[in-house]
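See structure below.
Values reported hereafter were calculated over all heavy atoms of this structure, with side chains retained and with hydrogens, waters and symmetry mates removed. Every number for a ligand or one of its atoms is a count from 1 in the order of the listing.
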Amino acid sequence: MTDLTRLTAAEIAGLVAAGETSAVEVTQAHLDRIAAVDERVHAFLHVDTEGALAAARSVDERRAAGEDLGPLAGVPVAVKDVLTTKGVPTTVGSKILEGWRPPYDSTIVERLREAGTVMLGKTNMDEFAMGSSTEYSAYGPTRNPWDLDRIPGGSGGGSAAALAAYEAPLSIGSDTGGSIRQPGAVTGTVGAKPTYGGTSRYGLVAFSSSLDTPGPCARNVLDAALLHQAIGGHDPRDSTSIPAPVPDVVSAAKLGASGDLTGVKLGVVTEFTGEGAEPGVMAAFRESVEALAKLGAEIVEVSCPHFQYALPAYYLIAPSECSSNLARFDGVRFGLRVGDDGNRSLEEVMSLTREAGFGPEVKRRIMVGTYALSSGYYDAYYGQAQKVRTLITRDFTAAFERVDALISPTTPFVAFPIGSRTADPYQMYLADLFTIPTNLYGGPAISVPCGLSEGLPVGFQIMAPTMADDRMYRVAAALESTVGTFTPPAL
Ligand code: GLN
């Protein structure tokens with residue numbers, strides 16, 4: 001019998017539509033797989049067994065009634081714990097929201113339901129999506145299915161590990177500085193950050209509102225595109241949502257799979273080709289560039305001189321926005337409350353709650369952000385970082401006058417051992433060296449596996465102009481058609 005957990009999302013949907021398997025069978029197979037391996041991987045913070053089976057039953061009933069259910073009906077999906085799910089715990093990886101059951105669904109989760117997908121549960125993440133390894137989760141780290149002593153990336157390590165461990169064929173992440181693409185890269189899976197505003201932030205617990213972007217994760221490019229299409233598009237409940245349809249990413253992925261890139265011009269970012277990156281990562285990247293050239297793509301070098309300032313600018317802008325966004329966690333409105341014994345003032349309860357509820361990285365960011373926004377320092381730090389953001393956007397705009405998309409490795413290094421980078425925050429921040437410029441600009445970017453270095457997956461990044469998400473899928477699918485997909489050693 002076919003192992004349903006090894007199929008692609010498109011294959012599962014096909015079997016369900018043809019009546020060759022049921023959504024309930026598919027869901028049960030994934031729940032069994034989670035029960036068998038998640039104790040070792042810890043991709044999930046919460047498994048919604050009953051909710052998943054009920055959703056699956058409803059898909060089967062609707063199919064039996066002859067309803068046309070769309071291209072992902074009956075496919076299980078795991079959702080990063082940063083998105084609100086009605087009645088289902090949503091912690092953002094933090095103690096401060098432990099036990100909170102939101103009264104509403106995020107738009108992404110609502111659209112997943114409308115598409116007939118089956119939500120298996122909520123995945124582990126760095127607290128408030130701040131981190132690159134999932135080690136900053138208040139609920140313990142997630143492990144990389146390729147090597148359980150290594151990190152699965154972050155902040156969406158749970159969503160990526162669930163795919164690589166065959167616990168789910170699809171998952172949802174959020175990308176503020178790389179949290180979809182970097183976990184994708186180090187787990188040998190596909191992760192796409194849509195154009196900012198192309199996917200709704202309604203119900204996404206805010207970290208840095210001008211950067212946060214929910215998006216799809218999958219084990220192959222077409223599945224990612226199908227998921228992207230299902231969750232994307234205008235949402236009147238998000239004031240920064242773009243009032244336009246989702247670019248046709250599914251057709252683009254299919255076109256790319258034919259392996260023909262004639263007429264496509266790709267720019268290798270000069271500034272991202274050496275310093276700070278592992279030789280094995282660069283070797284896999286260069287081989288993939290050659291493979292793309294063989295498919296007909298024209299490859300040129302493009303200098304983006306301000307990309308080198310992206311990391312420092314991001315680490316002022318993101319903490320500044322977070323210091324403001326996280327003010328709402330005060331022990332009054334949601335989740336944890338500490339010290340409310342009738343004798344303490346409101347301020348004391350707030351401060352005890354925040355002291356107990358936030359972990360060290362979140363506190364560090366709040367302090368940096370508050371400092372950068374304070375009146376005497378605003379111009380020198382936050383104001384300056386915003387100017388750098390403009391210069392980075394200009395680099396992208398100029399580059400896209402010359403090329404269709406920019407390419408680089410996704411991360412400078414492969415999955416590192418758990419515990420090896422937590423002592424020095426800067427070492428952790430470096431994981432997003434190549435992903436952050438895109439967030440500051442607002443365009444889309446995708447990470448697709450391109451090879452192995454020392455037996456561990458390497459990610460290839462394709463960055464496209466805003467609202468040209470389809471372009472990156474075409475190139476990603478073409479690359480996948482020559483390098484294939486990557487299967488971790490069996491767990
Ligand atoms: N690793 C980056 C950070 O710590 C990006 C996180 C993200 O994209 N959510 O801020």
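Across the listed options Met428, Arg365, Glu361, Arg365 owns the non-hydrogen atom lying nearest to atom 4 (O) of ligand 1.
Contacts between Thr176 and ligand 1 below 4.0 angstrom, taking non-hydrogen atoms only, involve backbone and side chain alike. Contacts of Tyr429 with ligand 1, taken as heavy-atom pairs under 4.0 Å, are absent altogether.
Checked by distance only, ligand 1 and Gly178 come closer than 3.5 Å through their nitrogen or oxygen atoms. Between Gly131 and ligand 1, a contact under 3.5 Å exists for at least one N or O pair.
Although no hydrogens or angles enter the test, the distance criterion places a donor-acceptor pair under 3.5 Å between the side chain of Thr435 and the main chain of Gly177. In terms of modelled atom types and a separation under 3.5 Å, the side chain of Asp48 and the main chain of Leu120 share no donor-acceptor contact.
How far CG of Asp212 is from NZ of Lys193: 10.0 Å, rounded to the nearest 0.5 Å.
Shown in contact with Ser155 at under 4.0 Å from a heavy atom are these atoms of ligand 1, numbered in order with element: 9 (N). Taking a cut-off of under 4.0 Å to the non-hydrogen atoms of Tyr315, the atoms of ligand 1 that pass are 1 (N), 2 (C), 3 (C), 4 (O), 10 (O). Near Met130, meaning under 4.0 Å from any of its heavy atoms, are these atoms of ligand 1: 4 (O). The distance from ligand 1 to the heavy atoms of Ser132 drops below 4.0 Å at these ligand atoms: 1 (N). Close contacts between ligand 1 and Ala129 involve ligand atoms 6 (C), 7 (C), 9 (N) [criterion: under 4.0 Å to a heavy atom]. Taking every non-hydrogen atom of Gly177 and a distance limit under 4.0 Å, the qualifying atoms of ligand 1 come out as 5 (C), 7 (C), 8 (O).
Taking the ring axis of Tyr429 as reference, the NZ or CZ atom of Arg421 does not stay both within 45° of it and closer than 6.0 Å to the ring centre.
Taking the six-membered ring for Trp and the full ring otherwise, the centers of Tyr104 and Tyr202 sit less than 6.0 Å from each other.
Closest to atom 6 (C) of ligand 1 among all protein heavy atoms lies Ser179 OG, 2.9 Å. In terms of protein heavy-atom proximity, atom 2 (C) of ligand 1 is nearest to Asp432 OD2, 3.1 Å. From the protein, the heavy atom lying nearest to atom 10 (O) of ligand 1 is Tyr314 OH, 2.6 Å.
Ring orientation note: the planes of Tyr371 and Tyr377 are close to parallel, at an angle under 30° on the 30°/60° scale.
Of the candidates Asp126, Thr134, Thr187, Asn124, Asn124 is the only one forming a side chain to side chain donor-acceptor pair (under 3.5 Å) with Thr142. Screening Asp175, Thr213, Thr176, Asp432 for a side chain to side chain donor-acceptor pair (under 3.5 Å) involving Asn439 leaves a single residue, Asp175.
Remark: Arg143 does not engage Glu135 in a salt bridge, criterion side-chain N to carboxylate O under 4.0 Å.
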